[in-house]
Structures are given as structure tokens and as C-alpha cells.
Amino acid sequence: MTEDADRDTVAEVLSALADPTRRRILDILAAHGEATATVLATELPVSRQAIVKHLAILDRAGLVAGRREGREARYTVLPARLGATARWMDRVAGEWDTRLSAIKRLAEADQEADPEADPAPGADSAAG
């Protein structure tokens, strides 16, 4: 996958997961293995029609798949895009850890170079 495709995948997944109802749908599907919109509606405080709309968004994001069984569709979780998003988040967290460590080293080096410097500007004005 290209970096642009990865970025698009992450954006779609994060957008889909932004809604608490959709996150709850994924939790229920993960717990049950699979479920229909009707079953999901009995476990959530929204209508079946609302569940169907949420499932369509999750499906477009590649987070669930539905298969027809008679008159209803049974949905299951597709973990691949969740995994790709988690890997992206880990990479971003690592980049920020590196940046924050560099800032800390600079601050500590500055403090060692000038030990008389006030480490917290305004700290003694609060004490007085």
C-alpha cells in the first residue's frame, strides 16, 4: 500500500470510529462474532434503520462485512484496517516520543549550562 493509501485508510477508519454508536456496534459484533441489524438494534438505543446506516459507514471504512442470509445481512468485524490504523498510531506516537525526548534533552542541557536559571518562570511569584 502507498503512503497516500495508508493515510486514506486511517482517515476513513478514524472517521468511522468517531461515532460512539459505531464503536459500540463493533464491540457487539466482536463479542457475538456476527449479528444482523435487527439483533444490533435490540442491544442499542437506536432504531434498526439507524443501525443499517451506521453499518454502511463501517462497511465503507472496511471495518465490517455483510453477507446475505435469507432476508437479512449478517455482519462481522474485519480487523485488518483496525490493525493498520493501530500501526499508524504506534508510528505517530513513536515520532512524538522522539520529538519530546529531544525537547527534554535541550531543556536539560540549557538548565545545566545555566543552573541559576529559574526552572519554572513565575513559580516564586505564586509562593509570595
Side-chain angles (χ1 to χ4, degrees):
M1 223 184 247
T2 68
E3 190 172 324
D4 286 341
D6 286 344
R7 208 172 297 139
D8 291 345
T9 294
V10 168
E12 288 172 359
V13 169
L14 293 177
S15 178
L17 294 177
D19 185 278
T21 301
R22 289 192 285 272
R23 291 192 305 270
R24 185 74 183 111
I25 288 170
L26 286 176
D27 288 342
I28 294 168
L29 287 174
H32 289 277
E34 68 176 17
T36 64
T38 303
V39 169
L40 291 167
T42 64
E43 297 193 33
L44 293 163
V46 294
S47 68
R48 183 186 178 286
Q49 291 81 4
I51 295 292
V52 169
K53 289 179 182 180
H54 285 297
L55 286 166
I57 292 167
L58 291 168
D59 185 37
R60 278 194 306 274
L63 297 173
V64 300
R67 65 174 172 76
R68 290 305 249 173
E69 192 173 285
R71 289 180 35 167
E72 293 209 289
R74 302 187 77 70
Y75 290 88
T76 58
V77 174
L78 298 176
R81 284 195 164 192
L82 287 171
T85 302
R87 286 188 298 279
W88 173 82
M89 293 173 92
D90 285 342
R91 189 176 72 243
V92 169
E95 290 169 4
W96 274 104
D97 286 345
T98 300
R99 291 176 184 146
L100 292 173
S101 292
I103 292 169
K104 181 180 177 188
R105 282 192 305 277
L106 288 171
E108 288 170 346
D110 190 43
Q111 183 64 31
E112 288 174 10
D114 188 6
E116 297 297 317
D118 185 1
D124 33 4
S125 66

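The basis for the numbers below is simple: all heavy atoms, side chains too, and nothing from hydrogens, waters or symmetry mates.
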On a heavy-atom basis, the closest approach of A65 and D59 is CA-OD1, 4.2 Å
Requested in this report: Side-chain contact test, heavy atoms from C-beta onward, threshold under 4.5 Å: evaluate it for E95 versus R91 and give yes or no.
Outcome: yes
Of R23, E12, R22, the one forming a side chain to side chain contact (heavy atoms under 4.5 Å, CB included) with L17 is R23
Between the CD atom in E69 and the CD atom in E34, the distance rounded to the nearest 0.5 Å is 6.5 Å
Taken to the nearest 0.5 Å, the spacing of T21 OG1 from K53 NZ works out to 13.0 Å
Begin with the C-alpha distance, continue with both residues' side-chain angles, and end with the deciding distance and a verdict on salt bridge (Lys or Arg N to Asp or Glu O under 4.0 Å) for R74 and E72. CA-CA 7 Å; R74 302 187 77 70; E72 293 209 289; 5.8 Å; no
Scanning both residues in full, the closest heavy-atom pair of L63 with A16 reads CD1-CB, 4.0 Å
Heavy-atom donor-acceptor pair, R24 side chain to P20 backbone, under 3.5 Å: no
Closest non-hydrogen atoms of A37 and V52, given as atom of the first, atom of the second and distance, are CB-CG2, 3.8 Å
Check for a donor-acceptor pair, side chain of R81 on one end and backbone N or O of T9 on the other, with a separation under 3.5 Å. no
message = A side-chain contact here means heavy atoms from C-beta on lying under 4.5 Å apart; do W88 and L14 qualify?
response = yes
### Message
Grouping I, L, V, M, F, W and Y whenever their side-chain heavy atoms are under 4.5 Å apart, do L44 and L55 come out in a common cluster?
### Response
yes
**Side-chain donor or acceptor of T98 paired with backbone N/O of G94 under 3.5 Å** = yes
Per side chain to side chain contact (heavy atoms under 4.5 Å, CB included), V64 is matched among I25, L78, I57, L26 by L26
One should read off an interatomic distance between E108 CD and I103 CD1, to the nearest 0.5 angstrom, of 12.0 Å
Exercise. Is V92 linked to L82 within one hydrophobic cluster, defined over Ile, Leu, Val, Met, Phe, Trp and Tyr using a side-chain heavy-atom separation of less than 4.5 Å?
Worked result: no
Same cluster or not: W96 versus V10, using hydrophobic residues (I, L, V, M, F, W, Y) connected whenever any side-chain heavy atoms lie under 4.5 Å apart?
yes
L40 and L29, any side-chain heavy atoms less than 4.5 Å apart
yes
